[in-house]
Amino acid sequence: MAIDVESIRKEFPFFETAPDDSRPPVYLDSAATTQKPAVVLDVLNHYYIRTNANVHRGVYRLAVQATELYEGARSKIAAFVRAPRAEEIVFTKNATEAVNLLANSFIWADGRLRVGPGDEIVLTEMEHHSNLIPWRLLAERVGAKVRYLGITDDGRLDLADLSEKIDERTKVVAVVHASNILGTVNPVATIAARAHEVGALMVVDAAQSVPHLGIDVTTLGADFVVFSGHKMCGPTGIGALWGRYELLEALPPFLGGGEMIENVAVDAMHYAAPPLKFEAGTPPVAQAVGLGAACDFLSEIGMDAIAAHDQALIEYALDRLGNVPGIRFIGPTDTANRLPLLSFVVDGIPLQRMRASLDEAGIAVRSGNHCAQLACSRFGVPAAIRASFYLYNSPDEVDILAETLETATRSQAAVTADTSFDVSRVRPYKDILLPSIFQPWAEYMVQALAPVPGTKALDVGTGPGTVARVLAQAVGPTGAVVGTDLNPAMLALAAELPAADGAPIQYVECGATPLHVSDQAFDLITMQQVLQFVPDRGAALAELRRAARPGARIAIATWQPLHRNPLFRALHDAVAAVLGPDKADLFEEPWSLSGIEVATLAKEAGFVDVELREWTLPATVPGGPDAICCLFDFSAVSPYIGSRRADLTAAVRANLAHCTDETGVHSETAATLVTARA
C-alpha cells in the first residue's frame, strides 16, 4: 500500500503552520534525528502526568502501572525487531551507549566473549564513529588489533578479501547495516556467516536500517544489534541493545548500582538476570514508553510500505539531483540496497556557501563528515552535504532541494565568470598593513597558541593571508591551513602573495550572517579583528566551536575601544565632523566589543580554559593618512559616504597631522586576545 504523505504529515505537530503563518523548514535531516508524531508526544505527556513512578521497586498501584508500561514497551520493541524474547532487549540511552556497553563488557568477560591481547576486531571503513571509537578504545586498552573491510569505488562494502580479513584471530566483527553517509545497505548475513565460521561475535549497528527497513534479528545472523529510538520517530535518550539471551547471560555487567543486582552480601553479590543486569539505576521509563508508541505508529503504517516509499524517493532524488551541474554523489548512484539519503558535494562551490544557501532557503540538511571520517577520507572529501528523507517527505521537497542547488550553481557560475576582483583598493594591505600592523599581531596570536608540527589550522578573517602565513610556518609542511574571509577581493589578493614556507594554505570565502566556516575539523582556530563585524556573535562562536576538534585551541583578537586606538579615533572623529554624530555612532559600534564580552561568549559557546590578555603595539603606516583611509574605508559607514570621501580624507589628515611625517603616520594600536580550548 502506498503511503499518503499528506495524511502522515498531519500526524506530526512539527509540520503544522505556526500561528504567525510561518512554515517549518523542508526537513531533510532524518538520518540525524526524526520528527515525532503526536501519538509519541501524547504518550510521553500522559506518562509524566498520570503514571509517573519508579519501576520494578514499588508494589503500590501507580508503580505497578509504570512497570507494566515500561516492560510493555520492551515487548513492543522486541516484537518490532522480531526478537525471540523480550528479555533480549536491553534499554540504553542510544546506539552509542549500546556499543560502549558491549565493548567494555568484552574486556571483563570470560572465554570466547573476552577480547584480550593479540585478538583482532574487524570493522569497516564506513562505520559511524559510534561503532568505531568504542572498538578502537577497546583495542588500545587490551592490546588487540583492529582491521578494516574497505569500500569499493561505487560505495559498496569490499568483500573481496573477506576470508583474509576475518580469520581465526578475529574475536569481534562490528559492521554497520546501513551507512549514514553513503546510504549503502550491507550484506550483513554474508559477513556474519564468515564471522561464525571462525568463532567470532557479530555486532550490527542498525541505527539507520531499523527505521527504514524493519529488521528481523533472527535472520540477520548477528549476535548483537544496536539501534536508537530518536531515528525512528521515538524520543531522544532511548536506544536498545539486542543480544542472544545466552550471550547476555554470559556477559558481565557494564554499570553497577541499583536494579542490576539480585542480592548483595559483605563478601559476595549476585547479578540480576538479563536485561536488568545491564540497566543499572533508574531507567528512562518515559522514553522507553515513547519508543514503544513509535513502534506501534510505524507498524500501523507498515514497514513494507515505508520501505517502498523510501525506494521511490531515492530513485527520484538520484535522478532529479543528478541534473544539478557539478554535483558529485558520495556513495552508490544506483538504488539497489540503498537508504533514502544522499551525500554530495558540488564542484566549484565551497561547502559552507552551499550550506548557507540551503539554510537561507529554509532547507534543513546536515553538512560535515557525519561522524564517518574514514568514509570521507576514502572518497577524498573532508565533508559533504547530506539530504536524508523519511516517510513524511515528498518528491516536491526533492524538487525544492534541486532547484535551490541549481540556483546556487548559477550564482556561483556568475561569480566565477568574473574572477578579476578589483583589488586596487585593498592592495595597500600588501605593502603597508601586512608588515606594519597585522604581522606583529599574527605572530603574537600564533605564539600564544604554540601550535605543534602537523596541526590543522583555520584562520577566520584571513585578509591578505597574514595570519594564515604565520600559521603555515608554525605548523610546518605536515600541517594544513584553511584561510577564510568575507571578501573575495581580499582572498584574491592573498592568493597573489608568495606562498609561505611550511603547510599548504587553502583560501575559502565564508559568510557573515551567520558566520559559515569550513566543514572540516581543526586543531587550532584563529580569528583576527572579525568578530566585532559579525552581527550574531554568539552564533559565530558556536560555529567556531563546531569546527573545533575536542581539545582544539582558539585565539580571538578584537580591537580595543577607540580611546585606545588613535588611528581609528581619527577616522571616527572625521566621520562625526563630516557625516554627523549618528554615523559616527555606527562607526564606533565595532570598537565597542570588550574583551570580557568575547570571553563570556566563548564560555557560552562551550569553550573552556578561557584566558584574556591585552596588548598595545606601536604602528607606523607608510603612505600616511590617505593609506589609512584606503585600508579601513571608514568601516560600517562606507555605504553613506557618497561624494564626501574627499572631505573625510581631508578630515583624517587634519586629525593625524600631529603624528605624520615624510615616512608615514606614527601611532599605536591596541587589541584584546582571548584564548580558549574546545
One pair to check against side chain to side chain contact (heavy atoms under 4.5 Å, CB included): Glu315 and Arg338. What are the steps and the verdict? CA-CA 10 Å; Glu315 289 176 358; Arg338 189 80 157 73; over 6 Å; no
Could you give me the CA-CA distance, side-chain angles and deciding distance for Leu123 and Leu132, then say whether side chain to side chain contact (heavy atoms under 4.5 Å, CB included) is met? CA-CA 7 Å; Leu123 309 174; Leu132 175 75; 3.6 Å; yes
Any chance you could lay out the side chain to side chain contact (heavy atoms under 4.5 Å, CB included) test for Val203 and Val175, step after step, and finish with the verdict? CA-CA 6 Å; Val203 180; Val175 176; over 6 Å; no
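Taking 4.5 Å as the limit, every side-chain heavy atom of Val99 sits out of range of all side-chain heavy atoms of Phe224. With a 4.5 Å cut-off on side-chain heavy atoms, Leu69 and Thr51 count as touching.
Aromatic ring centres of Phe389 and His309: separated by at least 6.0 Å. Here the two rings, on Tyr392 and Phe15, have centers that are under 6.0 Å apart. If you look at Phe227 and Phe80, their ring centroids are not closer than 6.0 Å. Between Phe14 and Phe12, a ring centre-to-centre spacing not shorter than 6.0 Å is recorded.
Listed by chain and number, the residues in a ring pair (Phe, Tyr, Trp, His ring centres under 6.0 Å) with Phe91 are Tyr70 (sequence neighbours excluded).
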Side-chain donor-acceptor pairs under 3.5 Å in residues 233-241, sequence neighbours left out?
none

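At least one test fails for Lys277 against the ring of Tyr271: distance under 6.0 Å to the centre or angle within 45° of the axis.
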